[in-house]
Amino acid sequence: MCVCVGGGGLDVDIVDIQGGDTQAVLCRDRESERKMACRQLWASRAASYLRISVFHRTFATILKDLQYADSHEWVKVDGNSATVGITDHAQDHLGDVVYVELPEVGTDVTQGDSFGAVESVKATSDINSPVSGIVVEVNEKLNSSPALVNSSPYKDGWIIKVDISDSGELNNLMDSEKYSKFCEEEGSQH
């Protein structure tokens with residue numbers, strides 16, 4: 001299966017490779033505006049198949065199995081443990097990340113409060129915790145490779161792992177559908 005996603009002069013093919021693996025391939029020139037609408041329809045279907053949402057305006061990826069804060073952090077919960085990072089939308093707006101300020105293991109974090117910062121070539125932004133608890137691990141790879149936040153925000157670019165103290169706070173977060181709408185509304189205000 002090959003699906004083209006495009007807009008703003010940039011197209012991306014999502015290619016299904018043997019064994020169900022997928023790969024995004026940049027393309028240069030597409031034929032017409034009419035075909036663009038068709039490609040976006042196919043992209044939506046492919047995104048659903050791949051368990052991702054494609055935010056068409058900026059091509060930000062939003063994963064369905066995560067929860068999101070309105071300050072653009074994501075959290076993946078596994079039992080009483082939560083992995084936290086910044087979203088693809090956030091890293092895209094920040095630009096190239098050059099430094100990540102990490103908390104120390106054992107630090108108490110509170111939902112909505114800052115626990116660190118991300119510095120990019122454009123700006124410095126606080127990182128807020130989407131959950132309360134105790135930091136049990138930090139991504140030390142970010143000390144030498146902060147750009148992992150850009151290249152792999154949901155996998156290798158995670159920032160902290162937290163032992164959750166109040167699982168009820170998860171109800172304050174958005175699912176992928178609500179977060180996608182939140183980003184669209186936020187984008188229309190700018």
Side-chain angles (χ1 to χ4, degrees), residues 20-24 47-48 50-55 58-183 186:
D21 292 323
T22 57
Q23 178 178 350
S48 178
L50 297 172
R51 294 182 39 107
I52 61 173
S53 297
V54 178
F55 184 57
T58 62
F59 298 101
T61 301
I62 300 170
L63 300 183
K64 288 186 177 182
D65 61 341
L66 303 179
Q67 291 179 280
Y68 300 87
D70 60 5
S71 51
H72 302 288
E73 290 84 17
W74 60 264
V75 60
K76 181 173 186 168
V77 178
D78 183 16
N80 204 37
S81 178
T83 303
V84 175
I86 67 168
T87 65
D88 188 40
H89 178 81
Q91 71 78 25
D92 183 58
H93 279 59
L94 281 168
D96 294 336
V97 173
V98 295
Y99 177 74
V100 180
E101 178 187 329
L102 299 169
E104 299 208 10
V105 171
T107 301
D108 284 321
V109 293
T110 303
Q111 186 178 52
D113 288 352
S114 174
F115 66 80
V118 176
E119 291 183 25
S120 73
V121 294
K122 291 183 184 178
T124 298
S125 180
D126 285 340
I127 310 167
N128 298 324
S129 184
V131 293
S132 296
I134 297 174
V135 176
V136 294
E137 188 177 349
V138 297
N139 188 351
E140 298 288 349
K141 289 181 184 178
L142 298 178
N143 288 325
S144 59
S145 301
L148 288 171
V149 170
N150 296 113
S151 63
S152 183
Y154 298 116
K155 188 176 177 189
D156 299 326
W158 63 273
I159 298 171
I160 61 172
K161 293 188 179 183
V162 176
D163 186 17
I164 301 172
S165 62
D166 182 1
S167 61
E169 290 179 338
L170 297 171
N171 296 325
N172 300 332
L173 302 175
M174 294 177 271
D175 63 15
S176 60
E177 196 172 306
K178 286 181 184 175
Y179 181 68
S180 180
K181 288 177 184 172
F182 175 78
C183 290
E186 189 179 66

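Below, each value reflects all heavy atoms present in this structure, side chains not excepted, and no hydrogens, waters or symmetry copies. Numbers for residues simply follow the sequence, beginning at 1.
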Determine the minimum heavy-atom distance between [X] and [Y], stating which atoms define it.
X	Y	result
Thr87	Tyr179	OG1-OH, 2.9 Å
Lys76	Leu66	CB-CD2, 3.4 Å
Val97	Pro146	CG1-O, 3.6 Å
Ser114	Gly116	OG-O, 3.3 Å
Gly157	Asn139	C-ND2, 4.1 Å

(message) So, using side-chain contact (heavy atoms from CB on, under 4.5 Å) as the criterion, who are the partners of Ala117 when residues are at least two apart?
(response)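 With sequence neighbours excluded, Ala117 shows a side-chain contact (heavy atoms from CB on, under 4.5 Å) to Glu101, Thr124, Asp126, given in chain and number order.
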(message) So, using side-chain contact (heavy atoms from CB on, under 4.5 Å) as the criterion, who are the partners of Ser165 when residues are at least two apart?
(response)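 For Ser165 the side-chain contact (heavy atoms from CB on, under 4.5 Å) partners, ignoring immediate neighbours, are Ser132.
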[X] [atom1] to [Y] [atom2] distance, which is reported to the nearest 0.5 Å:
X	Y	atom1	atom2	answer
His72	Cys183	NE2	SG	5.5 Å
Leu148	Leu142	CG	CG	6.0 Å
Glu137	Ile159	CD	CD1	13.5 Å
Ile86	Trp74	CD1	CH2	10.5 Å
Gln91	Thr61	CD	OG1	9.0 Å
Ile134	Ile164	CD1	CD1	12.0 Å

(request) Check whether any side-chain heavy atom of Val149 lies under 4.5 Å from a side-chain heavy atom of Leu94, and answer yes or no. (result)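 Side chain of Val149 against side chain of Leu94, heavy atoms only: no contact under 4.5 Å found.
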(message) Do Tyr68 and Leu63 have side chains that approach each other closer than 4.5 Å (heavy atoms only, starting at C-beta)?
(response)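 Answer yes - side chains close enough.
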For residues 103-111, please give each side-chain donor-acceptor pair under 3.5 Å, one per line with the distance, not counting sequence neighbours.
unit_1, atom_1, unit_2, atom_2, d
Thr107, OG1, Glu104, N, 3.4
Thr107, OG1, Glu104, O, 2.6
Gln111, OE1, Asn172, ND2, 2.9
Gln111, NE2, Pro130, O, 2.7
Gln111, NE2, Glu169, O, 3.1

(message) Between Asp175 (side chain only) and Lys64 (backbone N and O only), is there a donor and an acceptor less than 3.5 Å apart?
(response)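 Side chain of Asp175 to backbone of Lys64, a donor-acceptor pair under 3.5 Å: no, none is there.
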